[in-house]
Structure formats: C-alpha cells, structure tokens
Amino acid sequence: MLYRISCTEMDALFAALSETKTVYLPADREDGQASFVKWTEGTALSNRLNTVRSAKDFFFPQIQPLARFRREGQKIEITDLREESEDFVIFGARACDVRSFEILDRVFLADPVDTSYQTRREHAAIVTMACARPEETCFCTAFDIDPAKPADGDVRAYIADGYCYLEPLTEKGETLLAGAGECLEESDGAAVEAEAGRIRAILEKLPLASLKPADNREKELDVFNSPKWEEMASHCLGCGACTFVCPTCQCFDINDFDSGHGIERYRCWDSCMYHDFTLMASGTPRLTQKERFRQRFMHKLVYYPIRYDGVFSCVGCGRCLRKCPINMNIVKVMKELTGVRPAGAGEEA
Amino acid sequence: MQRELINRARELLADGTVDRVLGWQAGQFAYDITPAVFTDAGELEAHFVYNEFCADNLSKYLIKESEKEGKVLAFLKPCDTYSFNQLVTEHRIRREHVYVIGVESYGKADVEKLRARGISGITGVETVSGMLKVHTMYGDESVPLNEVMLDRCLTCKSKKHVVYDELIGEDGDVVADSGRFDMVEKLERMTAKERFSFWQGELSRCIRCNACRNVCPACTCENCVFDNPGSGLQNRAARDNFEEKLFHIIRAYHVAGRCTDCGECSRVCPEHIPLHLLNRKFIKDFNELYGPFQAGEVSGQMSPMCAYTETADPEASVVRKGGAE
Amino acid sequence: MQKIGVFVCWCGTNIASTVDVKAVAEAAKSVPGVVFSTDYQYMCSEAGQNLIKDSVLTYGLTHVVVCSCSPRMHEATFRKAVASIGMNPYMLEVANIREQCSWVHKDKEVGTEKAIALMKAAVAKAMLNTPLTAGSTPVTKRALVIGGGIAGMQTALDIADAGFQVDIVETKPTIGGKMAQLDKTFPTLDCSSCIVTPKMVEVGQHPNITIYAYSEVTEVKGFVGQFTVTIKRKARYVDESKCTGCGACIEKCPMKKVPDEWNMNLNNRKAIYIPFAQAVPKIATIDPAYCLKLNTGKCGVCSKVCGTNAINYEAKDEYLEVGYGAIVAATGYEMIDVSKYDEYAYSNSPDVVTALEYERLMSAAGPTGGHLVRPSDGKEPKTIVFIQCVGSRETEDSCHGGKPYCSKVCCMYTAKHAILTKDHYPDTDIYVFYIDVRTPGKLFDEFYRRAVEQYNVHYIKGAVGKVTPNAETGKLDVQAADLLLMEQLQIEADMVVLAAALEPHRSARPLATMLTAPMDTNDFFTEAHAKLRPVESATAGIYLSGFCQGPKDIPETVSQAGAAAAKVIGLLSKNELVGNPCVAHSDEWMCNGCSQCENVCPYGAITYEEKEFRMPDRTTKIRRVASVNPAVCQGCGACTVTCPSGAMDLRGFTNQEIMAEVDALCL
Amino acid sequence: MSVMEKTAAARQAEWKPKIIAFCCNWCSYGGADLAGTNRLSYPANVKIIRVPCSCRVNPMFILRAFQKGADGVIVCGCHPGDCHYSTGNYHARRRMTMLFSMLSFLGVESARTRVEWVSAAEGARFKAVMDSFVEDITRLGPNERLEDLRCKEN
C-alpha cells in the first residue's frame, strides 16, 4: 500500500502522529546544517541530505545515566536510572542511518542484551526517506544500500512532485500510518518509481560510485601490518569528530560523577581515536596515533566483517568525509587498502 | 602559486637544505586537503597542492616534526606564522630544525558555506578572478570567493608573515580595521541574559569531539586536564550544560595570552560553534585592559596572563562596568 | 585507607556557647573516612593534646582533624603534638570554628550547621593529605652585608664577633656612611666622628670581616643558605695591597677642581683622593672622571711620586663570585634632590643649604674647619631660617611628588643645629618653621625644649612661602606665614637650611630586584612582618638593617643592625636548613616545557632542564621540563595556576585538596 | 528536635545564598580571624577556604564552586603592594579579571564574582565586604546560569 500527503500539509501528519508518539525529524538550523529535533507545530522537515549527528543518538545517546549511589552512614542505596522508553517516531532518517541500526543491533542486542538500547529500539518507529539529492560524499551503495528505494525501516518515504509518499515496510509501519488517520490519501506507485529511477541515475554518476570495500577477512594480519597505516595516520589529530558523527561507532566509557549528594554512574561515547581510550593501570597498549587510527578502520573494515559474515561497519553516509578537520577519512583508507591512490592531485590550481 | 611552491620545495630538497617538506596533499574532491609530509620530488609532483582550500594551520605539526633529525620545510600562511612564533616562544618548536617559507594567502574558502548555500554534490572548484566556480553533479555554480570565505579570513588580522626564512608571493600588512571584534562587541552590548541564551544555544550543540582542542596550536599539553583523571576535570562528554561551558571556558582560559586567533577551532567544529569568539573576548580584554598584545607577533614575548603592573592594572570590578545583567 | 579522627574543641565557652560541639562530633561520625570523633573543653591544653595523641594510638588514626580556633593560632601546636607520636604533622587539618564561626554567628543552630560544614571540608581535605617532609640544604657560613654605614658596620661586627665570616660591600671608597659626615649627634651632642671612626677601625681590623669598598653587588643567585653573589670591584687604579695611604700622590695631583662629595661638594678635592683622614680602608682612589692621565694620557704625576708603585692606570673592574648563607641589606639613605623646590631658591643661592651641607659647615673636619660661614661670601650668618619637612609628609596632590612619610630625624637634628649654632654664635637669630615638632624618644623633648627655652630659638608653626635672594642686600628674603598668630612674616635671613626628606638610597631598588626582596612604593624594603619580623625580608635569607627598611635615627639603626645580626647568627649557626614542605612541584611527565611558570615565580625557584626520558614505546627522548627548587620556593602557588596541564601543583594545598574543600562546603 | 534535624529542616526551608570565599593565608584569612576576634558578625553562609595566596586560586576552583551550587564566589587577598609573596595578588587580579570577564561574556551575572583586598588588620572591612557580597547575591537569587543540575539535592 502506498499513501501520500501534500508537502504543504506535513504539519497535519506530524500532529496526528504526535498524538500518540513523540515525533523526531531533521530540521534546518541557522548555521545551514540540520539536526534531529522533536516536532512541535511548525517544525519543517529539512531537505538537507543528512544531519550533523547521526540517528544512532536515538538508541545510543551520547550520555546515559545508569545508576545512582547514595551513602548514608554505613548504608549504600543504589537506584537504577535506566527507564522503559516511550513510543517515538524517527521521521525522515536516510537509508544509510537506518542501516546503521542493524550494525548496532548486532552488538547491543547480542547477549548480554543492552536493555536501554533494546527498549529504545522496540519503541521506535522509523520512517526512512529516500535521498532526492545524493552528494559527492555519499558511498552507501558500496555497502549495498539503496537510497533510491530504502529497504530498511518501518516506512519508506519519498518527496516528489510536491507530495510526500509513504510506504509501510513492516507491521509497525502499517500501524503507524494507520494512526495518522485522515490526512493520508492512497496513491499509486508511478511517482515513486519515477523518483527512484531519477535517483538511481544520479547514484551512477557519484564520484564514489565505483568504490567497493575490499574483503580483507582472509588478510587480517597483512592489513594490520600494512606499512600504509603509518602514513595515513601521520597527521591525524586524535580528535573524536569522525567517531562522534559516525552512525556505526559504538564505543563507550562508563564514569562516575560525585554530585556531593550521591554518585551518578553514567555511560558516554568514547572514541578509539583518543590517546587514553585503552589506558589501563599499566599504561596504554596503543602508544601512538597510528595504532589508534588503525584500530578504528580495522574495526570497521576487517574485524567487524570477520565477526559478522562480511558485513562492514560503515554505511557510507559521508559524515566523516565532511567533518574530519584534516580530511582524512574511511574512503581514503579503503582506497589505500585496495591499493588505489586518490586521484586528481598534482595539477596546477 | 602551487607550481612555484613545488619547484622551490624540490630545489631545497635537492640541495640538501631540507630533508622533508610539510605541506598540503590533495584529496578526492577539490576541497578535502590533508596536511602531509613529502620526502621527494615524485611525491610533491603527484600530491602536493596549494589552493583556496588549504586552510590547515601547519604550525602545530612542527612540534613533532622539529623533534626529528634533520630539517623540515614548512609552508606557512601569514596566520600560521603567528602560531609558529608562539610555539617557538613556548619552546615547543625547535626553530633551527625548520625552514619556513611564508606563502601568500588572500583568504581560504569554506566548503561548509558553499553547502549552506545549498550547493551540493561538489566535484570540482576553480577560482577565476575572485569568483569561485563550483562544478557540481547538479550543474555549475559561481560564487564570489569573499562571500564563502572562512569567517576567520573575512576578519583577517594580518596578512603579514611575522617569521620566515623566505617568502613566496607578496607579504601583506597587519590589518588595522579587521573588524574581528565586532561580534564580541555585539555580544557585550547584549544583556547578560541574552548573552547567556546565545551561548547556551551555541554550546549545547557541542559533542565534545575535541576537534577544537586537538587542532589548536596553543593546546599542546602533554596531557590535557580534561583527559586527566587526577585533575578533577576529566570528562568525556557533557552530561549537564554546565560541563559544556566548563570545557570551553577552561580551554579558552588556558590558551588566553597564547592564542594567536588563528581560528582553527571554529573552522573544524563539526557543529559550527563560534568558539573563536571566546578567544577573541580574551584578546580584546587584554588589548583594552593591559595594552595591545598580539600573541606570536614576536617570539619570546611574555603572555599578558603572566605579566602584571602594580598600579596600571584595573581592579577586577572593571568587569561590572560591562553590559546590563 | 584513611582513618580520620575528629576532635572538637569547646574553647571553654568561646566555641561551645554558639556551636553545639557534641552535635559536631556526632555529625563527624557519619562522614566517610571518620572512625573516631570526640569533643573536649580545651583541645590545646596538655590534656587536650594528650587526648589527641592517645586517640591516634588507640584507634590507629591516619589523619587528624581538629575543630578549634584559627589555624593561625594553634595549627603549629597540634601539628607538633601529633608529630611527637610519630605522625606526619601534615596529616593534620584544622577547622576554624571559632574565629570564623562561633565568634561571628550568634544563633546556635546557624553556628552548629556552619561548624559541621567546616568540619566536613577539613575532613575532605585531610582525606587527601599525604605526608610531607621538608627538604634540607646546607648553609654557607658566611654573611654578606651590603652597605658600610653604621647599620652595616654594626651588623657586620655583631656577626663577626659571633665567629662567622662577614663581607661588607660598600660603593664608596671608604666605609663609615652618612654618620661619618655628621658633626654631632642628638640629643647628647657627642661628636659623631669620635664615636663612628673607632667603629670603622674595629671593622677594618676584625679578623672575620672583609671589606670590599668601592665595590658593588651586580648579581645574586641562589637562595637562603646558598647565595652566590657577584661583586664588582670597581677599578681604583691604586693597588690596595700596596697603597699605604701616605697621601703623597694627593699632594702632588695637579687636578684640583673636583667637587668633594664628602663635604657635600662645598669645596674641592683632587682627582686622586682619600675621602677623609680616618677613611677605612685608607687607600687612595683615582677619580676616573677627572684624572688627567686617564682622560688625556698626559700627567702620571701620582705614579711618579708613589713610593710603593701602587698606581696602576691600566686597572680594570674586577668581578668576584662569593658564596653566602645570608645577606643583609644596609643600603641606607640619601637626601632627596631639593632643586625641584624652586620656592626655596636652592639652585639660585649658595646660602640656601641642605641640612647635611649645614652639618659639614659646622664640622671641624669640614670645608670651613668648623667655622660657620655663608658659602657665598664667607661671612658669619646672623639670621638663619630652618625649614622643616621639605619633601616629607607630602600629600598625594602636592605638586612636587615628595614623600608621604615623615623622615623622622629632621626635628631633632634641626634642634641640634640650632643649639650648636647658638652655642658657638650666641648672637645668631634662628627661626625654625615646622608643621609639627616630633620629639618622641629618650631625652628628645627635653632637648627640643632647651632649644626653645634656653637658647631662644624661634619655633614658628607655619610654612615658608618663598625664599628670594636679594641682590642688593646679599641676603635672603624669606616670606613665611605664622599659622598660630595667623600673620605673614618677612625675614631677612643670611642662610636658609632645608630639612630635606630622606629617601632610601638609589641602589636599593635594583638590589631588591636582584635579591627578589619585596619593597614598598617608597622603595623601603618590606619586612616579613611589620610587627613580629621587622628585620627580615619576606625573601628567606635576606635581612634588613637600618634606614633601608624605614626612617630611623642612629640608636634605632644600631639596635636594628644588632637584631639583624642576631637573625643572621641564628641562621649561620645551623648546619642545614629545613625548608617549608608546602612547596610547588612539577610532574615532569605532564610538563610540556612552556616556561609560563618560570615567568610568574617571584623567587626564581623554577628552572627548566633538558632531561632524558624513557618513553612508553621504549625510546628515549630529550624533554624540556620544569623543576622547582624546594629551598627557594615559598609556596605561593602562582605557578600552579599558570600551568594549563596542571603539571605544577602545590604540596599541602593541592588542586585536589582545594577542590575537595570546595565540594564539601558547597553541599 | 535534635540540632541535626533542625539544621536539615532549616536547609529545606528557603533558599539562602551559598558563598565561597577564598582567602589568602597572610592577609584576608587573618582579616576574617580578626572579624571573629572582634565579634563582627556576618552571614553564616559565607564559607572560607584558606589558600596560601590569592594567586593560588585556580579558575577551576571557582567554576567547581559554581558547579557544586555556590551562588557567589569571592576571592580575597592582600592589598596591592602588600602581598606576602610580593606579586601574588597582582597575578590574581589579572587572572580573576579575565575569568570574571569571560563569565560575564557567557552571561553569568558579573556580581556573582568578586575580588576584594582585605588586610589582616581589616576585620571590620572583612565583615563589610561579606555583608555587601551576601546582599548582592541575595538580590540576584539562586545561581542558575552556571550550575550543575545533578548537584541539586533531590
């Protein structure tokens, strides 16, 4: 079944959905970027390709309180701060971000199950938006993601000819749209097919269209010992920008904060790019940025595929291509690891 | 320009003046430049680039590079030379291990500004007489360069190279009316409440990726207080909006008097937080309260944060003379 | 694991009346880390101290918190007490629940609540306290006295008599200082030379004293017990070891027109000279500014007449480096330049003189042989006007920018001048214009009254508006106001004597910089404590003697000189010095070598070293790191804040300790 | 009701400003002691932390105090020229001026922070300064712009 709603009426749709669930959607910001916000009346859906931070925040937030300890004399009282999530909708995530949830699921939903992640996943309905205007930094197709006809999520959506088309992919998606009530009308698939075709034509012309990650599962040690890491990492600043905007990065740290009235234990994102990521009492085994840098890409391109049937821990969203202060990124690494050197250099500017 | 730089670097490598060259390497698109060290003519010819996107301040890399044996050639833009001097002052760069070539810069383009204008799918960029001709998958666009320059370049404090062994291109002057404090002044004129909500809005976007800190040529601590569990400030991510402010206040404070206003912090911020305004506030205060001071102008200067005068320094209550609460 | 004991003092009712001490002790029991708490009436009493000591032993306490009066009062007492049973004294903290709690709050509930908070903060800090041990440094058993006036001489003699080596550095060719220039001393009127020259001889002959006259201190390195001082021995062009002081050279020197500073430039001396007959050391000096040989290459008479071949025109300044354990500043004073006081016509008339010039005019060894005459015409003055407070006690808005302080000795020496003048020339009319006459001191007021009552000196409370040399009469027309009678006065005077303000010698300020010793805005050295440590500088190992610390007369100077000597003797009699353990220290692994801390250290305690480090990746690396000399560091903490990485921290007041206090107090 | 219970109850009652005063050991701490010796009362919510010198006060400490719920922070040192370490208060003056200016720039009310010079002889001045500071902070109300909500007791 396919539904549609005029783009001018989107507020009615969001209002209807908001009656039972909180709706989050990408919205434009003053600085020319977009980020997910909670819908309130008048919040418009952004046309930007992607948000600064990925949609993983909904399930794996940057900071999450876990427990509180209070001490009274000799007694210690412990409160579990994890809560059951409420129902919510992520409206307009891109296919790459939605695919990242699968990558996170393999980690957080495996035994032992991360219950906070799980409750959030269960309570979320995801509307995946097709990418009307892919950009040069996009390479999701390298990971078999189809932004022209997103396969993941509960509902797939298109914006075309002044309408937003919605197609439920799951039962949850059907229920969600059923809850939208009157404002949706049924539609045939002609416009959607045309839009998907238009997008596919663009995808073929993407500068990174031919990028394919090498399957290096058999060559784990060769890749690990490659002399190229030294050079690739040589100018990495060791910040965590790539990690924190990455939809698939999943490392975290657990810390205690002493408020004076008690201690709050929380977990927060961490980055393997940081020099103290693996710091132990005996020091850190990853002594230089080369080891840290290598770890991040080995994880995404070799270790994760080894562990999970050749699936890469990258969805080609291109955020790290945009946000790295020195423009070192996974695409350059993938090219190096398949022996391809970036082209287009050395000409007179 | 790029040709000249490559030729000169090849000469200096060939005659043994330098052993390595620190410069910029081309990426996959026109704009994704990466700092790199080149060791032979082949690498230079193949990958060295100098264009309107070579924004990286290379001076911080010279801390590590100048520790190594031999001499490294570094191409420094005017703003980078200030950072270089400051790092020499702080004994972080071994001056004798660096051969500095000052390179002309009339301002670098900000790809984020192109994107903010809705220009996407960028596949190539050319500069033709002040216009940026952007090739995209969706057609070509032409934009005046000065409309999409990095903010820091629009308020450039100086086009003068304060240190170099040789220059390629013209040396400029200190810009007297850079207007770089305009935004600080605008904020100062607001009420405290307005300022508070301005900063709350900006800083709440911080994701603590530490890009600002790690790119900063003044942040050269062996171990930052924010990474040190013993400091009482260690923190990975802001749990409360207090911590966002704490991080940025302390960071700005720690670099006060040493910050040359190179603007790298704001350039690299993935969330576009105008972090340079914090540093500029300190610079403006130094200028107004303790006399004009430009970090990195001369090597060996003492930071106004370490200095004092017995009678001329105003009391701290001078702060209260500012805007309304 | 910390086991903290909390001891709450009642201080009789001082604390107990506004603070429920039992409740404080009770509250302590639930504070993490506290294993024992109690209260007692007088914790500082022997019984109270024993209670602490016994509890430490009984409960195996690792830290002690005493809630009592101010730590400024009894911290030392309690630290000593716990040290006596083997606990490190720095494991003890004091919570100030008297001065900063019970005495300032009236409500018992409020007082108790605050006392509990202060106790918790002290516990929080104590929790992080670590044992501190002071380092020790050896003491060089030699003292340096800078300045050879009466202050410096007395200090040197007292130290030397105690058996220690002392060096005196004096810029002039002879020791003796200002006192040797004085005629008589008040209020006893004994002859200044008669009492000071024997002292000079004693100093000169003392086996433990070395005089470096005609010398200056140019550099001071090191710290208490371990100073290294560079002394510049200015070229005299006369070999000190050969010159006998016979004076033959002086007699034959053709250059006669050199102003004689010994006589306040009232007459001339030769280009080769001995300042005065009793000079110590009695060695001739060639004045390079006037010597014909040195300036023109012609002459050389002195060399020819010298019987011991002592003259050496090729002599150069020499530099000595000497080690000292202690340094005494005794740089003395000079008179301010009165030429800026146009109204007194000092620059226009030779008959307007300063008090020190008058002193020389009165002196039997002076330019007139003690015969008081007007410098202009050599006639005896019949009317003399003394003007007090010239440049002293000036207010901020005064146009001359004089001194705000009272120079202290002027009232008395003016009375002396008046009496002596009247004694010798009874028919002289003497007027003294004063703001106040200040005569506190033994026999001082009696002396002043003698001037007024017995000698009929006209003391007029008032101010002189203008002194005008009268070309016709050759006299000085003095226009003045009598503030008591509220009338204008016109006096035709033969001489005017200005009681000019005394200021610290100009060499004091650069010396203070070298010594890193604090000074006040008037360039007086600041004492470590205005009441309790008046002869010590805040900089350890630096002592103050005489006028350089503040205006004083001769007996006061001598007493202070002795006191400074006693402090030096106390220091030099130690073989080693135990330092303050609460000093800064640098974590070399965190230090990045930026040198900011070095810039803010007022004591020069921080130096940078290139050190070899074995890095985690097993390579070695030369790193530039800060290092604090614990013997020099005074523990202010300026460096700790300037260090962005926190590599620099202060023992006893660490970042963590202070933040723990903040946390506890904010609860 | 025991004193403990009463104090807990008093804490609940209504907001009272929390003031942290950093006092240098040589002058201001002595001034505070003198205020005590002379029984010059000032509000009990002023809590003093002894530091060797005003130049020991790290901006970190001040931010920490605000984080933990202080409503005002005052730094007291020797009068200019009187520093026991000769230059400490000059350094403190600049550092605090810069920090306070930055806090104000971020929108924190500038009256929440202060530097005052109080000598060991100025017990009365210590009292007057604290009275006036507490008054200022009381007028401003609770610190909300620079606090860590986790530190609120709940």
Side-chain angles (χ1 to χ4, degrees), chain B residues 184 187-188 190-200 202-203 225 231-233 238-243 245-250 252-254 256-257 277-282 284-286 288-290 304-311 313-325, chain D residues 54-55 57-64 66-69 73-77 79-83 86-117 136 139-141 143-152:
Chain B
V184 175
L187 283 162
E188 284 170 346
M190 292 180 179
T191 64
K193 206 172 170 185
E194 287 165 342
R195 280 198 297 274
F196 181 75
S197 69
F198 172 84
W199 282 113
Q200 184 89 325
E202 295 291 344
L203 295 179
V225 282
S231 72
L233 289 177
R239 159 86 170 87
D240 186 281
N241 65 36
F242 173 83
E243 285 180 332
K245 296 188 199 98
L246 176 76
F247 176 78
H248 292 289
I249 295 170
I250 293 287
Y253 192 88
H254 280 180
L277 292 178
L278 298 176
N279 303 319
R280 280 195 184 159
K281 168 64 177 165
F282 275 135
K284 182 169 177 283
D285 279 353
F286 283 135
E288 288 174 2
L289 300 177
Y290 311 120
M305 212 60 168
C306 294
Y308 63 87
T309 65
E310 293 178 7
T311 48
D313 283 10
E315 294 299 330
S317 57
V318 69
V319 172
R320 264 176 276 166
K321 289 184 193 137
E325 294 299 334
Chain D
S54 50
C55 71
V57 180
N58 195 310
M60 247 159 53
F61 305 159
I62 291 170
L63 294 172
R64 175 80 153 221
F66 281 124
Q67 173 180 34
K68 296 282 175 166
V73 178
I74 181 165
V75 175
C76 300
H79 285 273
D82 292 350
C83 174
S86 69
T87 57
N89 49 3
Y90 295 131
H91 287 300
R93 181 164 63 186
R94 274 205 183 186
R95 290 169 181 169
M96 294 306 128
T97 304
M98 296 311 282
L99 175 69
F100 296 172
S101 174
M102 179 51 67
L103 293 180
S104 161
F105 188 62
L106 282 163
V108 177
E109 305 93 330
S110 56
R112 288 204 190 276
T113 48
R114 244 205 230 187
V115 172
E116 291 283 356
W117 311 126
D136 279 3
R139 198 170 51 240
L140 283 173
N143 160 38
E144 278 163 358
R145 296 184 191 166
L146 203 57
E147 64 173 349
D148 195 321
L149 289 172
R150 290 169 292 176
C151 298
K152 295 274 164 195

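Each chain gets a letter, A, B and so on, in the order its sequence line appears, and its residues count up from 1.
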Only pairs of heavy atoms separated by less than 4.5 Å count here; which of [options] has the most with chain D?
options                   : value
V225(B), T311(B), T309(B) : T309(B)
N241(B), L289(B), L278(B) : L278(B)
H248(B), E194(B), K245(B) : K245(B)

Chain B contact via L99(D) - which portion, at a heavy-atom distance below 4.5 Å: both

Under 4.5 Å from a heavy atom of chain B, the part of E147(D) involved: backbone

Note, Q67(D) side chain near R150(D) side chain (heavy atom, < 4.5 Å): yes

Note, R145(D) side chain near Q200(B) side chain (heavy atom, < 4.5 Å): no

Which bit of [X] comes within less than 4.5 Å of chain D, counting heavy atoms only: side chain, backbone, both or neither?
X       : answer
F198(B) : neither
L203(B) : side chain
P304(B) : both
F282(B) : both
S231(B) : backbone

Backbone of [Y] reached by a side-chain donor or acceptor of [X] within 3.5 Å:
X       : Y       : result
R95(D)  : P59(D)  : no
E243(B) : R239(B) : yes
D240(B) : L149(D) : yes
R94(D)  : C306(B) : no
R320(B) : A111(D) : no

Do you know which of [options] has the most heavy-atom pairs with chain B at a distance under 4.5 angstrom?
options                   : result
E116(D), H91(D), R64(D)   : H91(D)
V115(D), L106(D), N89(D)  : L106(D)
W117(D), F100(D), F105(D) : F105(D)

Row check, F66(D) ring normal vs R112(D) NZ/CZ: under 6.0 Å, within 45°: no

Heavy-atom pair with the smallest gap, counting every atom of L233(B) and L246(B): CD2-CD2, 3.6 Å

